[in-house]
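Read through the structure below, which is laid out as structure tokens, and then see the notes.
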Amino acid sequence: MSNAVLVTGGAKRIGRKVAERAAADGWNVVIHYRSSGDEADSLAHDLRRHGIHAATVAGDLSDPAAAESIVPAAAEALGQPLTALVNSASIFEWDDISTISAEAFTRHMMPNALAPVLLTKHLLAGLPEGMAGCVVNILDQKLAAPYGDHLAYTLSKFALQGATETLARSCAPRLRVNAVAPGYTLPAPGQSQADYERLHSQTPLGHGPTAEEVAGAVCYLLQSGSITGQTIYVDAGMRFSHRQRDVYFD
């Protein structure tokens, strides 16, 4: 049986690159989306043209009931059990200590932290007898040197970081659980190319990471059977540049 991976937020941006790279490595792929159905269907069609079994599954990760149902629905859509999960989907909204609210905290925590845990629960429950699985969570390089911008988002990613190590311990030997922490990788919506390139180069290495490099790190962890509880930073050293606010405001 071929391995099969569910990539949340797999229709766009880093999630899409992960889905494409996993398919290139021979994985069958389920592309999760919330509202990007056309992009998800287009990607699945492209992967099937290259001989990969691919399917799509919709779900709003801010809804606990949806998060509980996505893994079984993905396995049914693909026609085989899943053996891996990449938690790429998240929401990313600006706030700080002066503007954070209970509503904003909860809005980030459910899709960014709790939903990945619920998806992991169902991946473990659905693993075929005798098979081991893998989870890769997408974090953020700012966890290594946090600053006050995007406070609710940052707290949700700290929760997911803690879940990564906790689940790596508690789900062994059936599941390996790791993480990738990207740096500033892709332009923000509406950002000019010139501004993106200027900010993207502000790292100790003088260049920023690419989405393909992030996807490569994810797929390395998917295939490395002796690695668990680890985080790979793909950030060109940005975490060493202590900042007072998000790079986008520079």
Side-chain angles (χ1 to χ4, degrees), residues 5 7-10 12-25 27 84 86-94 96 108 112 116 134-151 153-165 168 176-224 226-250:
V5 60
V7 182
T8 70
K12 302 173 78 172
R13 296 176 69 82
I14 287 176
R16 187 182 186 95
K17 293 297 183 184
V18 170
E20 291 172 342
R21 176 59 184 266
D25 288 346
W27 289 76
V86 178
N87 287 304
S88 181
S90 69
I91 66 169
F92 177 72
E93 297 175 356
W94 188 90
D96 64 8
H108 283 79
N112 293 8
C134 181
V135 177
V136 180
N137 296 319
I138 302 299
L139 301 178
D140 192 303
Q141 61 82 27
K142 71 178 294 185
L143 299 185
Y147 42 83
D149 286 329
H150 301 97
L151 182 56
Y153 164 83
T154 302
L155 294 174
S156 71
K157 289 296 185 177
F158 270 119
L160 185 57
Q161 182 183 52
T164 298
E165 184 167 344
R176 295 182 300 107
V177 185
N178 293 290
V180 171
Y184 180 48
T185 304
L186 293 168
Q191 184 179 20
S192 72
Q193 185 65 25
D195 189 52
Y196 163 70
E197 291 176 1
R198 176 181 65 85
L199 297 173
H200 195 227
S201 65
Q202 293 181 5
T203 70
L205 294 184
H207 62 82
T210 67
E212 289 80 5
E213 289 173 323
V214 175
V218 169
C219 289
Y220 168 74
L221 291 172
L222 288 178
Q223 300 179 66
S224 299
S226 296
I227 300 178
T228 195
Q230 299 293 320
T231 298
I232 296 177
Y233 283 83
V234 185
D235 69 340
M238 182 178 280
R239 68 194 183 281
F240 304 135
S241 303
H242 292 284
R243 317 187 66 87
Q244 297 302 313
R245 58 190 313 191
D246 192 273
V247 64
Y248 185 70
F249 297 110
D250 285 354

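Hydrogens, waters and symmetry mates play no part in the numbers below; they use all other heavy atoms, side chains included. If you read the sequence from its start, that first residue is 1, and numbering goes on from there.
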List the residues meeting side-chain contact (heavy atoms from CB on, under 4.5 Å) with [X], not counting sequence neighbours, and say none if there are none.
{"X": "A24", "answer": "none"}
{"X": "E212", "answer": "K17, T210"}
{"X": "D25", "answer": "R21, W27, C219, Q223"}
{"X": "S201", "answer": "none"}

- Query: To the nearest 0.5 Å, how far apart are OH in Y147 and CG in D96?
  - Reply: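 These two atoms lie 13.0 Å from each other.
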Minimum heavy-atom separation for [X] and [Y], please, with both atom names.
{"X": "P204", "Y": "A236", "answer": "CD-O, 3.5 Å"}
{"X": "V136", "Y": "C134", "answer": "CG2-SG, 4.2 Å"}
{"X": "A168", "Y": "T228", "answer": "CB-OG1, 3.5 Å"}

- Query: V135 pairs by side-chain contact (heavy atoms from CB on, under 4.5 Å) with which of L221, L222, V177?
  - Reply: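 When L221, L222, V177 are each tested with V135, the side-chain contact (heavy atoms from CB on, under 4.5 Å) holds only for V177.
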- side-chain contact (heavy atoms from CB on, under 4.5 Å), paired with V218, selected from V18, I232, I14: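 The single option meeting the side-chain contact (heavy atoms from CB on, under 4.5 Å) with V218 is V18.
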Could you tell me which residues satisfy side chain to side chain donor-acceptor pair (under 3.5 Å) with [X], sequence neighbours excluded, listed by chain and number?
{"X": "T231", "value": "none"}
{"X": "T164", "value": "N137"}
{"X": "Q230", "value": "none"}

- What do the steps show when you test D140 against T154 for side-chain contact (heavy atoms from CB on, under 4.5 Å), and what is the final call? CA-CA 8 Å; D140 192 303; T154 302; over 6 Å; no
Identify all side-chain donor-acceptor contacts of residues 155-162 below 3.5 Å with residues at least two apart in sequence or on another chain.
residue	atom	partner	partner atom	Å
S156	OG	N112	ND2	3.1
S156	OG	Y153	O	2.6
K157	NZ	I138	O	2.7

- Check whether any side-chain heavy atom of Y220 sits under 4.5 Å from a side-chain heavy atom of V180, and report yes or no.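 Side-chain contact under 4.5 Å: no.
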- Item | All salt bridge (charged side-chain N to carboxylate O under 4.0 Å, His left out) counterparts of D235, not counting sequence neighbours |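 Checked D235 against salt bridge (charged side-chain N to carboxylate O under 4.0 Å, His left out); matches are R239.
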Side chain of [X], backbone of [Y]: donor and acceptor closer than 3.5 Å?
{"X": "H108", "Y": "H150", "answer": "no"}
{"X": "R176", "Y": "I227", "answer": "yes"}
{"X": "T8", "Y": "A89", "answer": "yes"}

